[in-house]
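Below is one structure, written out as structure tokens; the observations come after it.
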Amino acid sequence: MEAAKILIDGQWRDADAESTFHAENPATGEKLAIAFPVSKWTDCDLALEAASKAAKELRNLSHEAIATFLETYAANIESAADGLVAAAREETALPIAPRLKDVELPRTTNQLRQAAAAAREESWKRATLDLERNIRSYFAPIGPVVVFGPNNFPFAFNGISGGDFAAAIAVGNPVIAKAHPLHPNTSRLLAEQALRAVQSTGFPTGAVQMLYAVSNENGLKLVSDPRVGAVGFTGSKGAGLHLKRAAEDAGKPIYLEMSSINPVIFLPGALADEQERLARELVDSCLAGAGQFCTSPNLVVLWEGPATEVFLAFVARAFGERSSHALLSSTGRKQLHAGVTALIDASAELVTGGNPVEGAAVRYENTLLRASAKQFLVRPHELQREVFGNVTMALTVANLSELEAVLDKLEGNLTGTIYSSKTSADDEIYNAIEPLLREKVGRLLNDKMPTGVAVSPAMNHGGPYPATSHPGFTSVGIPGSLTRFAMLQSYDGVREDRLPPILRDKISNPNAWRSIDGAWVKG
């Protein structure tokens with residue numbers, strides 16, 4: 001069968017391929033029919049050339065034209081929803097309803113429309129006019145952005161439709177998307193709708209391009225190419241760090257979302273009367289999407305005592321009774337099992353699960369492990385290993401000092417959660433540990449599970465290393481996520497008619513900061 005074509009400079013064309021690959025259906029274990037190309041460097045070079053040309057065209061394009069493209073693309077996705085959802089279901093085994101059709105696809109189109117709104121109102125540019133000194137600055141496009149999408153969100157984080165794509169385009173950058181090999185056909189169908197939007201709005205043809213796969217060598221070469229402005233990546237820590245070294249050696253900013261165990265801490269008062277309800281909340285969170293969320297709780301911290309034992313018994317029973325959902329791939333299951341084995345080797349006790357499920361579907365037993373704070377403090381690095389899937393580890397502490405010591409050893413995470421008593425019973429412990437946890441996580445939660453990331457301007461989907469490569473940026477939340485793909489430009493003494501319109505004295509901009517008589521005012 002002829003391999004699928006790649007999208008280069010507004011055209012579907014045959015790849016210069018070194019090999020091909022097939023996705024699999026995790027629900028059946030079957031290899032899917034369409035072959036997809038692994039591109040040689042020739043294809044990367046063509047995409048970079050077209051993106052460089054498009055970057056110049058985008059500089060002269062109005063923010064209204066950028067917003068119109070994003071909105072048109074969102075509408076095209078909605079019109080093709082049934083086919084997209086069916087393809088994503090086949091490639092990921094994620095349920096059509098509510099996950100794909102009712103949650104993730106609407107989230108994706110919402111992100112695109114929020115990015116369009118941000119492009120129009122321009123607050124992300126942070127225009128600053130020092131009128132006394134005639135110095136002005138704002139954020140402007142950085143240039144072609146390479147986006148690597150992850151395996152677990154075929155729409156909302158896809159390289160050709162997700163948050164990184166929307167942010168980069170809204171700023172005015174062309175995007176070269178690298179599709180994830182677990183859902184290439186879904187990516188192809190999304191790219192078809194993106195191309196329709198390009199054609200109907202007159203958007204630069206090189207602004208939206210897609211390759212399915214490249215070798216590791218060419219991936220490193222791509223992110224370090226002089227024509228690249230920045231890189232967005234969501235995926236494993238191992239792959240992310242390889243790309244990070246290559247990009248940074250070439251002076252290219254790269255934004256990585258890589259690894260998080262998302263600790264959930266239950267203080268004694270929280271479990272005093274509600275062990276079963278809270279255990280059910282935890283189980284629902286840990287097993288949602290077979291645990292294949294970057295915000296899934298991989299570490300649960302509890303006070304030693306009878307209430308904790310009742311709580312863990314309920315969790316173990318629920319893990320054993322609930323049917324495990326198909327994982328995203330057989331490779332992912334192997335990595336999951338290796339992670340469980342490594343945790344056991346590092347002294348964790350297996351409570352339930354711990355084995356692949358027999359049968360054609362790619363499934364793994366819902367798995368609960370446990371360890372004590374004393375064991376954790378002996379091998380903190382090994383016992384906070386991320387295991388991506390339906391696995392979590394309970395960690396028991398004897399007192400506040402042990403909990404503080406555990407928090408001191410935590411690596412950076414996307415989220416951290418504290419459940420506490422509805423009375424003031426836990427306030428003293430909370431006040432002691434909150435500052436310790438706060439500095440280790442991007443998003444701090446109280447009395448709610450961390451799964452799910454709202455597309456809100458106040459959201460931070462980031463955190464200290466190794467959750468991400470930079471603690472000052474978020475991959476979700478508009479307009480905050482846009483400045484990752486922008487560069488700060490300053491104009492000193494430049495004549496009025498030579499300034500970008502947003503920086504001129506006579507143009508009213510409600511989002512610009514101006515110095516007037518020594519005071520800074522907005523508007």
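Along the sequence shown, residues are numbered consecutively beginning with 1.
Applying the side chain to side chain donor-acceptor pair (under 3.5 Å) test to Asp225 and every residue at least two apart in sequence or in another chain returns Arg227. A search for side chain to side chain donor-acceptor pair (under 3.5 Å) contacts involving Tyr419 returns Glu281, not counting sequence neighbours. Judged as a side chain to side chain donor-acceptor pair (under 3.5 Å), and not counting sequence neighbours, Lys101 has no contacts. The ring-ring contact (aromatic ring centres under 6.0 Å, His included) check on Phe203 picks up Phe69, with sequence neighbours excluded. Residues satisfying the ring-ring contact (aromatic ring centres under 6.0 Å, His included) criterion with Phe233, sequence neighbours excluded, are absent altogether. Contacts of Asp426 classified as side chain to side chain donor-acceptor pair (under 3.5 Å), with partners at least two apart in sequence or in another chain: none. Scored by the salt bridge (charged side-chain N to carboxylate O under 4.0 Å, His left out) test, Asp284 finds Arg322 as partners (sequence neighbours excluded). Partners of Phe376 under the ring-ring contact (aromatic ring centres under 6.0 Å, His included) rule, at least two apart in sequence or in another chain, do not exist in this structure. Ala167 is linked by a side chain to side chain contact (heavy atoms under 4.5 Å, CB included) to Ser481, Leu482, Arg484, Phe485, counting only residues two or more places apart in sequence or in another chain.
A 4.5 Å side-chain heavy-atom check between Arg126 and Thr483 finds at least one atom pair inside the cut-off. Leu190 has its side chain within reach of Leu84: a pair of non-hydrogen atoms, C-beta onward, lies under 4.5 Å apart. Side-chain contact between Val453 and Met459 is present, with at least one heavy-atom pair separated by less than 4.5 Å. Inter-residue side-chain proximity for Lys56 and Pro204 is flagged as unmet; no heavy-atom pair is nearer than 4.5 Å. Annotation: side chain of Asn218 is not in contact with side chain of Leu222 (no heavy-atom distance under 4.5 Å).
For Thr295 and Thr415, the side-chain atoms include no donor-acceptor pair closer than 3.5 Å. Side-chain polar atoms of Asn110 and Arg113 form no donor-acceptor pair below 3.5 angstrom. Defined by atom type and a distance below 3.5 Å, a donor-acceptor pair is present between the side-chain atoms of His381 and Glu411.
Of the possible polar contacts, one joining the Gln384 side chain to the Lys409 backbone as a donor-acceptor pair under 3.5 Å is found. Listed for the Gln111 side chain is a donor-acceptor partner under 3.5 Å among the backbone atoms of Ala156.
By the neighbour-count criterion of 12 heavy atoms within 6.0 Å, atom CD of Glu64 is densely surrounded, having more than that number from other residues, nucleotides or ligands.
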Open item on the list: Assess the residue pair Phe153 and Thr92 against the criterion (side chain to side chain contact (heavy atoms under 4.5 Å, CB included)); give the C-alpha distance rounded to whole Å, side-chain angles, the decisive distance to 0.1 Å, and a yes or no.
Closed with: CA-CA 9 Å; Phe153 281 88; Thr92 66; over 6 Å; no
Task: Derivation of the side chain to side chain contact (heavy atoms under 4.5 Å, CB included) call for Asn262 and Leu414 - done: CA-CA 6 Å; Asn262 307 298; Leu414 295 171; 3.8 Å; yes
Side chains of residues 468-480: which donor-acceptor partners sit under 3.5 Å, not counting sequence neighbours?
residue : atom : partner : partner atom : Å
Thr468  : OG1  : Gly463  : O            : 2.6
Thr468  : OG1  : His470  : N            : 3.3
Thr468  : OG1  : His470  : O            : 3.0
Ser469  : OG   : Ile254  : O            : 3.2
Ser469  : OG   : Leu256  : N            : 3.1
His470  : ND1  : Gly472  : N            : 2.9
Thr474  : OG1  : His461  : N            : 2.8
Thr474  : OG1  : Val476  : N            : 3.1
Thr474  : OG1  : Val476  : O            : 2.5
Ser475  : OG   : His461  : O            : 3.4

Can you give me every donor-acceptor pair (side chain of residues 134-144, partner residue at least two apart or in another chain, under 3.5 Å) with its distance?
residue : atom : partner : partner atom : Å
Asn134  : OD1  : Arg136  : NE           : 2.8
Asn134  : OD1  : Arg136  : NH2          : 2.9
Arg136  : NH1  : Leu503  : O            : 2.7
Arg136  : NH1  : Asp505  : OD1          : 2.7
Arg136  : NH2  : Asp505  : OD1          : 3.0

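The side chain to side chain donor-acceptor pair (under 3.5 Å) analysis of residues 429-445, with sequence neighbours excluded, yields the pairs Tyr430-Asn446.
We find that Lys53 and Glu49 are not joined by a salt bridge, their nearest charged nitrogen and carboxylate oxygen being 4.0 Å or further apart. Salt bridge annotation for Arg196-Glu192: absent, with no cationic side-chain nitrogen under 4.0 angstrom from a carboxylate oxygen.
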